[in-house]
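Below you'll find the structure, written out as structure tokens, and then a few comments.
On a predicted model such as this, the values are computed, not experimentally measured, just so you know. Every number for a ligand or one of its atoms is a count from 1 in the order of the listing.
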Amino acid sequence: MKKEQAEALSTENDLWLRTNCWSPPGCHPTSCGLYCHIVDGKLVGVEGDEDHPVSQGRVCARALAVDEVQYHKDRVLHPMKRAREDRGLDKWEQITWDEAFDLIERESKRIQKEYGPESIVVFNGTGRECAMWSYPMCFAAFQSSNSCFAMSGYSCYGPRNAISFYILGAGYPEIDYAAYFPERYDYEEYEVPKYMIIWGKYPLISNPDGLYGHAIVDLMKRGTKLISVDPRVTWLASRSEYHIQLRPGTDAAVALAMLHVIIYEDLYDHEFVEKWTHGFDQLKERVAEWTPEAAAEICWCSAEVIRGAARAFATNGPSTIAWGLAFDTSSNGVQAGQAVLSIAAICGYIDVPGGVTIGAKEVFLGKWWTDSTAEVDPEVWSRRLGAAEFPGYAAAQTHAQSDRVLDALETSYPYPIRMAYYHGTNFLANSAAHAPHRWYEALLRETEFSICSDIFMTPTAMGLADVFLPCATMFEHNGVVMPHFGRNMHSLGMMDKMLDPGDTKSDLDVMIEIGKRLNPDAWPWKDGDDFFDDWLTRFYPFDLDGLRQIGSYQPGYTYRKYETGGLRDDGQPGFNTPTGKVELYSTLYEIFGEDPLPYFEEPHYSPYSKPEMAAVYPLVLTTGARKWGSFHSEHRQVETLRDIDPDPILEISPADAERYGLKTGDWAAIENPFGRAVERVKVTPGIMEGVVHAQHGWWFPEDEAEAPSLYGVWKSSVNSLIPHNEMGKLGFGAPFKNVICKVYRVESHDA
Ligand SMILES: Nc1nc2c(c(=O)[nH]1)N[C@H]1C(S)=C(S)[C@@H](COP(=O)(O)OP(=O)(O)OC[C@H]3O[C@@H](n4cnc5c(=O)[nH]c(N)nc54)[C@H](O)[C@@H]3O)O[C@H]1N2
Ligand SMILES: Nc1nc2c(c(=O)[nH]1)N[C@H]1C(S)=C(S)[C@@H](COP(=O)(O)OP(=O)(O)OC[C@H]3O[C@@H](n4cnc5c(=O)[nH]c(N)nc54)[C@H](O)[C@@H]3O)O[C@H]1N2
Ligand SMILES: [Mo]
């Protein structure tokens with residue numbers, strides 16, 4: 001659909017209206033342009049917006065099914081409450097918003113007074129719109145120091161941002177697909193990357209944060225060649241010139257070997273290395289022993305493929321790297337990421353056309369998120385859970401360290417947790433590490449009051465909430481879509497309200513109301529629209545209405561900012577790091593007590609680090625590769641999407657399937673000493689021998705709602721197999737994609 005078509009087709013009660021997608025239902029703020037067909041005030045369908053500068057009409061299956069979410073019979077449409085002792089029981093009572101806000105105000109003030117504001121935890125999930133509001137809501141409304149993403153080691157995006165911040169002094173490094181420019185690939189300074197490494201990421205499905213999967217295909221059509229680093233044979237891997245098919249969790253070893261080849265075969269960019277990097281000689285010494293042969297043995301892959309990939313990448317510039325979740329979901333991921341950014345840096349590919357782009361200094365809205373910590377009493381802030389113990393974590397994150405939050409819940413040390421707000425997270429089905437049942441039991445016992453805001457009743461809400469706040473969908477409230485959460489943003493999109501929200505409210509409106517009641521001075525805005533007008537005009541020459549007129553705004557991009565002073569706070573040339581250079585040798589890691597150079601460390605539970613255990617649990621388990629039909633635990637009740645992904649799937653190689661007596665369609669238990677999940681077997685040559693892959697985020701809206709079932713959430717609870725407190729040294733990363741297990745056939749899903 002194009003603008004002229006939309007205008008020509010629209011009549012008074014039959015409209016085609018433009019918007020940009022975000023949430024709810026959930027997605028990342030990559031910002032896909034959409035035209036929505038609204039007949040008599042009802043959404044009847046959507047089409048891609050062909051005029052959108054970046055998505056150009058392309059949308060995913062989840063966007064096409066969005067009307068099924070909008071009008072789903074299970075959507076919760078009014079605020080509800082239930083007595084604390086009825087948690088887990090379907091005894092909800094409808095209330096008004098005023099009653100809900102009064103209750104929240106009263107209980108929050110009581111708990112702040114009795115136990116201190118730090119006993120309130122605001123839990124959040126991945127970067128849906130509400131994730132943006134969770135920090136200020138925690139800090140400036142509840143005035144607590146503890147905002148928490150309940151994933152052990154904050155194993156998503158946070159580590160990659162911290163690494164970038166420490167090594168490059170910049171926001172998230174992204175592949176350059178010319179998204180910043182209205183002319184796109186025709187922009188005069190732009191160059192098409194010669195090679196692209198797709199490392200532990202699968203953007204065709206995941207479209208994460210600020211990257212469109214179709215950008216990879218666009219670039220392939222323009223001649224970019226691919227290198228994949230993935231234990232599975234994905235569509236992109238099968239079209240790659242080099243596929244480094246590695247044992248999960250050994251990425252740092254591959255990266256060190258690539259550095260070895262690039263440095264010892266003298267393939268690096270001497271000028272960039274001399275002028276703009278710190279610690280090259282030490283890095284050179286560190287990788288001296290890391291021949292491709294040495295890495296290949298550890299990683300169960302081919303030395304020749306590592307060597308070939310390193311040579312091709314270094315000698316064909318500009319080239320680029322898309323790095324993904326596999327870096328975060330590993331206790332060695334901080335080092336793997338440092339090594340991978342070092343590869344890009346010594347090849348001279350950072351901040352150049354067709355290379356790796358980096359975020360500028362000013363982050364739209366970001367200042368507010370960090371500044372809002374000033375609303376927390378310094379004494380309370382100093383008690384942020386995990387901050388003193390993990391300075392390398394605390395310096396890059398305003399969150400509490402998640403493993404320490406579970407410890408505090410279980411032990412009341414250093415203080416008890418008494419209230420929880422589940423803000424856009426269904427973590428019993430999903431992000432909680434080591435035994436979601438441990439989080440469940442501790443929260444059930446410890447919290448005196450809890451709130452959940454969502455669009456559906458989830459296992460988390462049914463199990464733990466006392467108040468349920470129904471959230472307005474992306475069609476029912478205004479918003480501003482910020483790729484990479486404002487960090488490294490190719491465009492700013494208008495999310496336009498076009499449907500009546502009824503008795504639901506947007507997360508932002510809810511937060512402003514709670515903020516006004518608990519800490520009015522920090523909340524000067526009338527409502528969400530007033531808030532956006534204020535913030536937009538501080539950064540851009542337009543307000544919300546102005547953005548609505550243009551639909552989406554592309555800010556452009558300046559290359560080689562390190563030469564012109566565009567990166568540093570002091571305006572001098574160089575990178576915004578202590579040495580002013582790319583820190584191949586990190587002076588900050590040194591201060592944090594971490595090795596300043598990248599190194600490989602075995603995953604904490606692997607056939608080599610735990611050989612005796614591996615005799616019983618011989619397979620390496622990776623989890624959670626994204627699926628077309630769902631966003632984490634969402635969309636399970638959406639018929640069209642459930643048809644695409646009806647069951648939780650365990651992928652296993654033909655050799656292992658034969659060894660363990662499994663065939664496609666069987667149910668299999670996946671088990672280790674930490675936990676157990678049952679999933680349906682898919683035998684595929686697409687995964688390497690010795691490795692299995694299990695899907696995450698499953699619950700079954702068709703199952704019994706009440707506890708202990710909680711919609712069957714414990715049946716395929718893959719995260720019950722992920723150990724607690726196994727993060728990396730800085731407090732980041734945990735073995736979500738590299739733990740050991742065994743598998744065996746069971747009779748049914750309920751077995
Ligand atoms: N084993 C394993 N586990 C994983 C992963 C893995 O790879 N392997 N991936 C992990 C990663 S990277 C992440 S980020 C986490 C994600 O974990 P979460 O972000 O907790 O994801 P969900 O379980 O989908 O819970 C999100 C809930 O928010 C609701 N929601 C959607 N949009 C909105 C909104 O705008 N406002 C509000 N209030 N609610 C909304 C949805 O309906 C849903 O119930 O999962 C992690 N879990
Ligand atoms: N449809 C859909 N899209 C999503 C999400 C969703 O749930 N559904 N979730 C969103 C979120 S929060 C995130 S963080 C992103 C994540 O998106 P991505 O960064 O793309 O991550 P994944 O899809 O988890 O995994 C990508 C690839 O890593 C491979 N892999 C597994 N283990 C390893 C390993 O140890 N090393 C290497 N090198 N590769 C490994 C997997 O086989 C998979 O092909 O997706 C976002 N987009
Ligand atoms: Mo994530």
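- Distances below 4.0 Å separate heavy atoms of C471 from the following atoms of ligand 1: 36 (N), 37 (C), 38 (N).
- Two rings, from W714 and Y440, have their centers less than 6.0 Å apart.
- Every N/O-N/O distance between T458 and ligand 1 stays at or above 3.5 Å.
- The aromatic ring centroids of F674 and Y605 lie less than 6.0 Å from each other.
- Aromatic ring centroids of Y172 and Y157 lie under 6.0 Å apart.
- Contacts of T425 with ligand 1, taken as heavy-atom pairs under 4.0 Å, involve both backbone and side chain.
- For the pair W22 and ligand 1, no heavy-atom separation below 4.0 Å is found.
- Side chains of D645 and W628: no donor on one and acceptor on the other come within 3.5 Å.
- Counting atoms of ligand 1 from 1 in the listed order, those under 4.0 Å from a heavy atom of D507 are 34 (C), 35 (O), 36 (N), 37 (C), 38 (N).
- If you check the side chains of E726 and S331, you find no donor sitting under 3.5 Å from an acceptor.
- Note: H484 and H28 fail the aromatic proximity criterion, with ring centroids not under 6.0 Å apart.
- Protein residues with a heavy atom under 4.0 Å from ligand 2 are H28, R62, T126, C156, W199, G200, K201, Y202, I205, S206, P208, V229, D230, P231, R232, T234, L246, P248, G249, D251, G324, L325, A326, T622, G624, A625, R626, K627, S630, F631, H632, K737.
- No hydrogens or angles considered: nothing links the side chains of H72 and Q637 as a donor-acceptor pair under 3.5 Å.
- Taking the six-membered ring where the residue is Trp, the centroids of H399 and Y135 are separated by under 6.0 Å.
- Looking at N426 and S633, their side chains do bring a donor and an acceptor atom within 3.5 Å of each other.
- Residue-ligand proximity, F149 to ligand 1, at heavy-atom distances under 4.0 Å covers atoms 13 (C), 14 (S), 15 (C).
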